[in-house]
Amino acid sequence: MAEIGPNDRTPHRLRLGPSDLDVYPVALGGNVFGWGADEEQSFAVLDGYLAAGGNFVDTADVYSAWVPGNQGGESEAVIGNWLASRGNRDDVVLATKVGGHPEYKGLAAATIKGGIEASLRRLRTDYIDLFYTHFDDPGVPVEEILGTLDGLVRDGKVRHIGASNLSAERLQESLAVSEREGLASYVAVQPHYNLVSRDTYEGPLADTAARHGLVAVPYYALASGFLTGKYRSGAQVESVRAAGAGKHLETARGRAVITALDAIATERGVELATVALAWLAAKPTVATPLASARTVAQLSALLAVADVRLTDAEVARLDRASA
């Protein structure tokens, strides 16, 4: 498959790599559901995203086990309650991940099988559209991982598989095993990738994805909110991710990126977050960036990416600022 570029897109749906999934140009991240947003707020965000034409919702079994009092699976439970209350499962392309939950750590066959059953219960569905391995597990043979995932596909519990946080070498090995053994093969990768973190994807991993026709759905697309522009010198931001996002102001690259985003956003009359996501969308192999919203008001900047395509000059300008 050829690399996906801006001219290959329809305004509001695009094909997710070699899969048969047609998704909105921005995936809605569910990491804040049950953490930064309670169930009522989460329902409102999900309703707003779908009402605007969105259909690609991403979560993980571990969200949000790091919060005191949480067990992991809170995000999936919120999404599952929403799907059940709205009766709209067929309208949503649902992605989740296995391997990070405290009770299902790693990618041994029994762990993956137990993990997906728990996810299906919380999500209140009988299938996952895109099922990612969340983290690599070097102690488990690739043949065992892919064989287990293939079984889930054959059983109808999973439509397609993807890999998050996987090295280029392990991705290459995994794809070779799938081809040699006739097993289900990864269709997407989910790397850490944004304007202030380019080397986490660009290079061997992106090259491997491109060579095999896979697409990327980058997480931390807005650098935990830094690329929205709300983090400025002297500004106080009320956010559960403020400490991590604010650190980018201390770097020359972070400041240069915000300056470039400010200029392009002003010229286009859009928000900084829209420009930051549009830069990702313009990158080779990137199908749809992944971003989250705690409130309905935060959705507009994400949704606007469906109608914004940066020029080559604008992309180059941001490339230089983020180099």
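Only heavy atoms go into these numbers, but all of them, side chains included; no hydrogens, no water, no symmetry mates.
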Parallel, tilted or perpendicular: which one describes the rings of Tyr49 and Tyr24, with boundaries at 30° and 60°?
perpendicular

Please check if the side chain of Thr274 supplies one atom and the backbone of Ala301 the other of a donor-acceptor pair under 3.5 Å.
yes

Any side-chain to backbone donor/acceptor pair from His212 onto Leu214? Under 3.5 Å, distance only.
no

So that I know where these two stand, are His192 and Tyr219 an aromatic pair - ring centroids less than 6.0 Å apart?
yes

Any side-chain heavy atom of Val57 within less than 4.5 Å of one from Leu46?
yes

Closer than 4.0 angstrom, basic N to acidic O: yes or no for [X] and [Y]?
| X | Y | result |
| --- | --- | --- |
| Lys230 | Glu271 | no |
| Arg121 | Glu76 | no |
| Asp129 | Arg89 | yes |
| Glu74 | Arg122 | no |

When you look at Arg15 and Asp20, which way does the salt bridge (Lys or Arg N to Asp or Glu O under 4.0 Å) test go after all the steps?
CA-CA 7 Å; Arg15 179 58 54 92; Asp20 60 356; over 6 Å; no

What pair of heavy atoms forms the shortest contact from Val187 to Leu130, and how long is it?
CG2-CD1, 4.0 Å

Identify the heavy atoms of Pro191 and Tyr201 that sit nearest to each other, and give their distance.
CG-CD1, 3.4 Å

When you check the side-chain N and O atoms of Ser322 and Arg198, is any donor under 3.5 Å from an acceptor?
yes

Does a side chain donor of either Gln190 or Asn165 reach within less than 3.5 Å of an acceptor in the other side chain?
no

Would you please test Arg154 and Asp150 for salt bridge (Lys or Arg N to Asp or Glu O under 4.0 Å) and show each step?
CA-CA 6 Å; Arg154 292 178 186 274; Asp150 180 76; 2.5 Å; yes

